[in-house]
Amino acid sequence: MITFFGNLHEGHAPASEFYRGELVPCFEKPARAHYVQAQLALQGHDVRTPAADSRAVLARIHTPRYLQFLETAWQQWVALDTANAAVQPFPSVWPVRGLRSDVEPVNFIAKLGLYSMDNGTPLVEGTWRVVKQAADAAAHAAQLLGQGERGVFCATRPPGHHAGADFMGGYCFLNNAAVAAQALRDGGCERVAILDVDFHHGNGTQEIFYDRADVLFVSLHGDPLTEYPFYLGHADERGHGAGEGFNLNLPMPAGTPADRWFAALEVACERIVRHRADALVVSLGLDTFEGDPISKFKLSTADYSRLGERLKRLGLPAVFILEGGYAAAELGVNAVNVIDAFE
Ligand code: Q9C
Ligand code: ZN
């Protein structure tokens, strides 16, 4: 399968994130991509560097002010104090209920809070270049499907599905799955389906397409009552306006074993078939793995082949986008099992 691998990963390698109030090494690290690349090479896949420019499609997914902030955030941070070059900025204040999010403050940390859903999305000097290249891969993959490819895998990081139109969160900055879906629509697909199998609900992707009938969003994930992102992902979120009925959430409790997960996947696949989609985008999170350090489902390495086989039976051309998956050493085999079985 044609796969895209970025060559800038060391540029987005923040040192630490908050975990239970303490700073710990980041779970979302460059080694993740390297394990995937190694396994892709081992299995003989065609690994390329993304060459499309996603800027036009990014402007259809994210707000101008958010893109402007993201692109210049590090320069703004260092302009405050050159010593900041060695310091990771974190937000500490957010515009929750009753506070205004329509006016961008001048204070940098206040801006960072405006454009963040959590304090778990560290941003460093190279972040923009790395996230832009991942979005470029998503746009390029959509172009290749338009030229007749049956499957393309974006082995990119950081992930994207928590990023909304106007905010970052959950290690995500640009919503690569949304970029792929929109690029497929712009390339002539009438109907697109996004299947999100990451352990965490894809709140950003849901939000972006919530009022649209042309892009179906279906997600299997840990119940937000107990799992991140907590404030979205419930079963009663079915879409709004023209998009009513085009959002399907299948939350499951922590500890969910493979058989129950695959039963939910059947429900998801039936809904995708009913959508009569021209193309599929898979938000391929591998943090459903039993060995994942921050997630709570129980899929095994062999289950990822089963997932790929089931998706193949949909008979749709597909763009796969790497999302989460933090058991880094197993990530390559698990991801490539999906890809190999799909082919
Ligand atoms: N500091 C994705 O899998 N933080 N994002 C968990 C650990 C949020 C994961 C607590 C996890 C977000 C794309
Ligand atoms: Zn996840």
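Note that the coordinates shown come from a computational prediction; the quantities given were computed from them, not determined experimentally. Start at 1 and go down the list; that is how both ligands and their atoms are numbered.
- Considering just the N/O/S atoms of D287, the one nearest the Zn ion (ligand 2) carries the name OD2.
- Between Y115 and F167, the gap from one ring centroid to the other reaches at least 6.0 Å.
- Cation-pi geometry between R310 and F262 is not met: the NZ or CZ atom fails to fall both under 6.0 Å from the ring centre and inside 45° of the normal.
- Every N/O-N/O distance between H161 and ligand 1 stays at or above 3.5 Å.
- With a 4.0 Å heavy-atom cut-off, ligand 1 is reached by the side chain of D198 but not by its N, CA, C or O.
- Contacts between F18 and ligand 1 below 4.0 angstrom, taking non-hydrogen atoms only, involve the backbone exclusively.
- Electrostatic pairing of D186 and R60 counts as a salt bridge here, judged by a charged N lying under 4.0 Å from a carboxylate O.
- Between F230 and H201, the distance from one ring center to the other does not fall under 6.0 angstrom.
- The existence of a salt bridge linking D136 and R55 is excluded, since no basic side-chain nitrogen approaches an acidic carboxylate oxygen closer than 4.0 Å.
- Looking at Y171, F199, F230 and measuring to atom 4 (N) of ligand 1, the nearest heavy atom belongs to Y171.
- Polar contact with ligand 1: absent for Y19 (N/O pair, distance under 3.5 Å).
- For ligand 1, the polar-atom distance check against Y228 finds no nitrogen or oxygen pair separated by under 3.5 Å.
- Contact annotation: for H200 versus ligand 1, heavy atoms closer than 4.0 Å belong to the side chain alone.
- Regarding atom 3 (O) of ligand 1, its nearest protein heavy-atom neighbour is Y326 OH, 2.6 Å.
- Ligand 1 has no N or O atom lying under 3.5 Å from any N or O atom of F27, backbone or side chain.
- With ligand atoms numbered from 1 in the order given, ligand 1 contributes 3 (O) to contacts under 4.0 Å with heavy atoms of D287.
- Both tests pass for R271 against the ring of F246: distance under 6.0 Å to the centre and angle within 45° of the axis.
- At a 4.0 Å heavy-atom cut-off, ligand 1 does not touch V24 at all.
- Distances below 4.0 Å separate heavy atoms of G170 from the following atoms of ligand 1: 2 (C), 5 (N), 9 (C), 12 (C), 13 (C).
- Between E323 and ligand 1, a contact under 3.5 Å exists for no N or O pair.
- Taking backbone and side chain together, D198 holds an N, O or S atom under 2.8 Å from the Zn ion (ligand 2).
- H45 places a side-chain heavy atom less than 4.5 Å from the side chain of D340.
- Within the 2.8 Å limit, H200 places at least one N, O or S atom next to the Zn ion (ligand 2).
- Ranking protein heavy atoms by distance to atom 7 (C) of ligand 1, first place goes to E17 OE2, 3.2 Å.
- Using a 4.0 Å cut-off between a side-chain N of Lys or Arg and a carboxylate O of Asp or Glu, R48 and D46 qualify as a salt bridge.
- With a 4.5 Å cut-off on side-chain heavy atoms, F5 and T49 do not count as touching.
- Salt bridge present: R306 and D259 bring a charged side-chain N and a carboxylate O closer than 4.0 Å.
- Under a 4.0 Å N-O distance rule, the pair R32/E28 qualifies as a salt bridge.
- When each atom of ligand 1 is checked for a heavy atom of P159 under 4.0 Å away, the hits are 13 (C).
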